[in-house]
Amino acid sequence: MEFKRRNGGPAVGGASQAKKGKMNTEWEDSPSQFEEELALFDEMEMEAESGEGQAGHDVIPVGDLFSADLNPRWKRPHAPPLQPNSDTLIFQQIDLDYYLGSAVAGMPGQVQGKVPIVRMFGVTDSGNSVCCHVHGFAPYFYVPAPNGFTNAHLAEFQRELNSVVLKDMRSNKDNIAVTVLAVDITKKESMYHYHGNKPLEFLRITMAMPRLIAPAKRLLEQGFKFANFATQSYQAYEANIDFEIRFMVDSDVVGCCWIELPKGKYRLREERSVSLCQYEVDVAWNHLVSHPAEGEWQRIAPLRVLSFDIECAGRKGVFPEPEIDPVIQIASMVQRQGEKEPFIRTVFTLQSCASIVGSQILCFTQEKQLLQSWAEFVRTVDPDIITGYNIQNFDLPYLLNRAATLKVSLFPYLGRVWGCKSVLKDSSFQSKQMGRRENKTVNMEGRVQFDLLQVLLRDYKLRSYTLNAVSFHFLQEQKEDVQHSIITDLQNGNEQTRRRLAVYCLKDAYLPLRLLQKLMCVINYMEMARVTGVPLTYLLSRGQQIKVVSQLLRQAMKQDLVMPVVRTEGGEDYTGATVIEPEKGYYSVPIATLDFSSLYPSIMMAHNLCYTTLLQKSQVDKLGLAPEDFIKTPTGDLFVKSSVRKGLLPEILENLLSAELKKETDPFKKQVLDGRQLALKISANSVYGFTGAQVGKLPCLEISQSVTGFGRQMIEQTKQLVESRYTISNGYQADAKVVYGDTDSVMVKLGVATVQEAMNLGKEAAEWVSSHFVPPIKLEFEKVYYPYLLINKKRYAGLYFSSNAEHHDKMDCKGIETVRRDNCPLVANLINTCLQNILIDRDPDGAVAHAKEVISDLLCNRIDISQLVITKELTRTAQEYAGKQAHVELAERCVFTHSTTWSSSCPNLYSLNPLHNLSGRMFGLHTNFPITWIPINRTAKNSPNNSKCVTLL
DNA sequence: TACGGCACCTAC
DNA sequence: TAAGGTAGGTGCCGTA
């Protein structure tokens with residue numbers, strides 16, 4: 001195998017003094033590209049700062065003398081004195097939570113006992129950190145007022161409910177004296193079903209603490225009696241809303257918005273401060289001003305982003321265990337959001353380490369001191385966002401466990417609240433979308449953990465999620481080359497080998513920052529938080545539903561609608577979309593593709609489908625509705641028209657989709673707007689899924705099945721329309737034929753010879769078909785495939801032309817082995833090349849020849865399958881591996897170390913299936929040893945013009 | 001050997 | 001407590 005060097009030819013001579021022992025490899029001869037990059041940071045900073053301050057390549061043997069003042073750069077900018085009576089305080093809020101605490105004098109709300117206090121953390125324009133305690137907001141929920149209820153009954157209801165809730169408590173360790181703070185009558189309407197626009201009387205029940213809501217709700221549902229009203233069950237509304245969301249909705253605060261505390265309306269904490277933030281203030285919840293993220297309020301504060309990576313000295317062949325194996329290095333990089341490069345680049349090392357230009361090295365002789373000092377470093381730098389690669393499930397838990405083992409008592413305080421210990425917890429998160437995911441969590445109040453691995457797992461489907469693979473995929477860059485197995489040896493070597501390790505460690509801290517930047521994660525997540533209104537942290541810790549709930553509550557509040565608590569019980573599935581039976585084959589003529597844009601959202605808007613417009617059959621007469629007041633959907637469900645009542649969901653969708661974002665020339669502002677566009681689109685598409693989520697907050701199958709019902713009707717109608725109009729008898733060149741279609745698209749053979757003609761006719765057809773549907777439903781011309789290989793439902797490939805009829809944009813493959821991650825790369829590459837042969841070179845014989853060649857290459861390198869030496873080894877390895885990605889790596893090795901007999905019974909059919917079957921059993925892996933059929937079958941059966949072609953069956 | 005059930009992953 | 005949807009191809013495995 002060729003040994004590739006990163007930076008050109010071998011260095012002659014070289015400055016390295018580490019040329020002894022087995023650790024000496026060519027790698028150390030010359031600085032890596034990454035080291036040159038680091039050095040460049042240094043030069044740029046020297047220029048910018050004209051030499052003052054710390055030049056960043058010190059090696060500081062701190063030992064016992066560590067002080068957080070070691071580097072003035074670590075600290076946040078000086079915070080000018082704040083005069084609450086004359087200064088407004090403005091900050092971007094990035095994290096929001098609540099705690100139970102004692103009331104603060106002068107603030108609204110309960111005075112006695114523990115009260116819930118919302119806490120917002122944020123950053124000002126000048127980069128100063130803020131902790132803001134928000135007082136006076138209490139949790140509440142609703143129940144319908146019983147018949148005959150008047151203001152005179154309020155006190156009795158409150159007293160009785162308070163009494164039963166108190167009685168219900170098994171222990172009252174907080175010594176709660178009052179559970180129900182208030183009961184008020186308000187006019188509200190349930191958002192579920194259309195009720196004739198008649199608000200009814202509801203009781204708004206305010207509780208002392210969020211955790212009292214659930215028992216109060218349960219007791220009311222079970223049957224509650226007060227005064228001389230009969231015992232009855234009360235249906236609860238909005239009793240299942242997270243307190244943070246409740247607060248944000250009611251105070252019009254969205255995730256990551258800017259908060260203004262007007263002068264004279266807040267208090268500065270001087271002495272009793274509980275946080276590490278530079279400003280700590282108290283404010284009444286109704287005194288804070290929340291700015292919608294428009295215009296100047298779209299900006300992003302200079303947040304501090306810390307990325308870090310640790311190295312441990314593990315034992316040979318054993319995964320490091322924090323109870324045993326020491327932490328030997330921690331690399332940290334800190335970057336201000338919006339800037340190009342990190343301004344802090346530091347490695348904490350155990351034992352001495354040679355200098356690295358462009359970074360600061362702090363050497364420790366005791367691991368205990370290393371850990372404690374790093375924690376102090378974190379507290380000094382005071383990052384708003386903490387990132388890294390798999391920090392959530394590895395680095396942070398490892399550090400905490402290691403610190404506990406070594407009894408570093410001051411380590412586990414990594415958040416922004418004094419005395420609030422960071423503890424490790426196990427949590428499991430399960431959804432159909434992502435399967436069961438076991439995670440560890442570490443609390444760090446006021447800092448947002450933004451583990452890049454978690455971001456990638458949520459947002460990208462990749463073949464491999466190793467940092468190396470991901471970096472290569474997105475940045476065409478790789479990790480420094482250090483094998484895990486030699487880390488301990490490097491540590492036990494000399495200051496040069498430890499230097500090599502430090503460079504590696506630094507790069508692992510640097511790559512997540514680069515990826516964060518490249519993928520614009522911070523901006524995109526902030527925009528998602530702003531659009532959907534949830535705290536930033538929810539986006540990585542919660543599912544899709546909470547985002548829709550947040551928007552729904554905001555829209556509902558404007559119309560005095562309340563959301564019922566529905567009990568979730570899985571029911572029958574409902575019918576989804578239609579997939580048109582494909583006319584399988586190879587098409588050497590242009591195929592136009594027409595798509596409904598945002599099909600499901602546009603159906604909901606066009607037909608006013610919503611909880612609030614859903615009409616019960618029994619209510620039609622009762623509410624005196626005329627036939628023209630409502631519609632019957634294809635599934636037989638009734639919904640009132642927007643002239644009777646405009647639905648909430650259509651309103652939300654209009655807001656999401658109609659937002660015409662103005663052209664922006666400033667590149668930074670443009671990034672923010674692009675992020676918002678993305679967030680708007682994703683949010684619109686998740687509304688339908690929310691209504692169909694049977695294990696969810698507010699499922700409504702009448703809505704979801706009506707949506708898919710309309711969709712089925714529409715794709716069918718589209719096919720009919722196109723095939724009936726574009727005919728020879730109507731003067732067109734040929735009879736058009738819809739050869740395939742899935743959910744919201746039709747692939748049409750229009751019978752024209754050129755891509756340009758297909759584009760023109762496709763556009764015309766889309767426009768004409770659109771006119772048959774209710775706005776905003778719109779069919780659009782999207783692309784032309786030429787040629788087009790249609791293998792089966794959800795499996796096809798073609799050259800994709802969208803704007804330029806002369807040049808194709810790409811080869812588009814759907815559902816084929818090339819895009820599936822359960823095939824080994826060999827198969828994917830082979831099929832990909834075959835498809836290129838067929839579609840681009842139009843040479844099916846070439847495809848077959850290529851397949852033959854690859855397979856015979858395999859056979860030539862054959863190792864007798866009966867030699868099980870390697871197989872046993874691999875079996876053992878396979879059992880050690882848990883993940884799928886290991887699976888793929890394993891496959892790669894197997895393909896090249898094994899081979900198989902081929903089936904000679906069918907001369908044109910080459911099968912690797914025996915290997916496939918065999919390996920599956922051999923490895924004891926569940927399924928899908930990723931070798932599959934490579935069926936290359938020459939046939940002209942489906943060819944329209946009887947020419948030679950290849951079908952992949 | 002045929003077939004249903006399941007896991008996995010994708011299309012939309 | 002929290003957890004978006006259905007359609008469908010493909011291969012493995014157990015069962016008759």
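No experiment lies behind these values; they were computed from the predicted model shown.
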Considering only residues two or more places apart or on different chains, which pairs with a residue in residues 679-708 of chain A satisfy salt bridge (charged side-chain N to carboxylate O under 4.0 Å, His left out)? none
Please classify the nucleic acid contact of [X] as base, sugar-phosphate, or nothing, using heavy-atom distances under 4.0 Å.
X	value
Y600(A)	nothing
T708(A)	nothing
D242(A)	sugar-phosphate
V819(A)	sugar-phosphate
G689(A)	base
Y740(A)	nothing

Could you check which of [options] has an atom nearest any side-chain atom of [X]?
X	options	result
K794(A)	dA11(B), dG9(C), dG5(C)	dA11(B)
R820(A)	dC9(B), dG5(C), dC12(B)	dC9(B)
Y574(A)	dT6(C), dC12(B), dT10(B)	dT6(C)
K814(A)	dC12(B), dT10(B), dT10(C)	dC12(B)
Q544(A)	dC12(B), dG9(C), dG4(C)	dG4(C)
Q545(A)	dG5(C), dA7(C), dA3(C)	dA3(C)

Which heavy atom of Y98(A) sits nearest a heavy atom of P116(A), and at what distance? CD1-CB, 4.3 Å
Minimal heavy-atom distance between S683(A) and Q551(A), with the atoms involved, is CB-NE2, 4.3 Å
With Watson-Crick and G-U wobble geometry limited to distances under 3.5 Å, how should the secondary structure of DNA chain C be encoded in dot-bracket form, using | for bases paired to another strand and [ ] for crossing pairs? ....||||||||||||
Pick the nucleotide of DNA chain C nearest each of A577(A) and F690(A); which residue has the one closer to the 5' end? F690(A)
Between D573(A) and G696(A), whichever has its closest DNA chain C nucleotide further toward 5' is G696(A)
Does [X] make a side-chain N or O approach to OP1 or OP2 of [N] shorter than 4.0 Å?
X	N	answer
R795(A)	dT10(C)	yes
N792(A)	dT10(C)	yes
Y538(A)	dA2(C)	no

Interatomic distance where [atom1] belongs to [X] and [atom2] belongs to [N] [whole Å]:
X	N	atom1	atom2	value
L790(A)	dG9(C)	CG	C1'	13 Å
L698(A)	dA3(C)	CG	C1'	15 Å
I603(A)	dG5(C)	CD1	C1'	13 Å
I816(A)	dA11(B)	CD1	P	9 Å
K793(A)	dA11(B)	NZ	C1'	12 Å
Y785(A)	dA11(B)	OH	P	10 Å

Taking the six-membered ring of Y800(A) as reference, does the cationic atom of K783(A) (NZ for Lys, CZ for Arg) lie under 6.0 Å from its centre and within 45° of its axis? no
Qualifying residues under salt bridge (Lys or Arg N to Asp or Glu O under 4.0 Å), relative to D168(A), sequence neighbours excluded: R218(A)
Applying salt bridge (Lys or Arg N to Asp or Glu O under 4.0 Å), name anything that partners E238(A), two or more places apart in sequence or on another chain. R246(A)
Results of side-chain hydrogen bond (donor to acceptor under 3.5 Å, both in side chains) for T635(A) - residues two or more places apart only: T633(A), D637(A), S706(A)
Residues which pass side-chain hydrogen bond (donor to acceptor under 3.5 Å, both in side chains) with Q836(A), listed by chain and number, not counting sequence neighbours: none
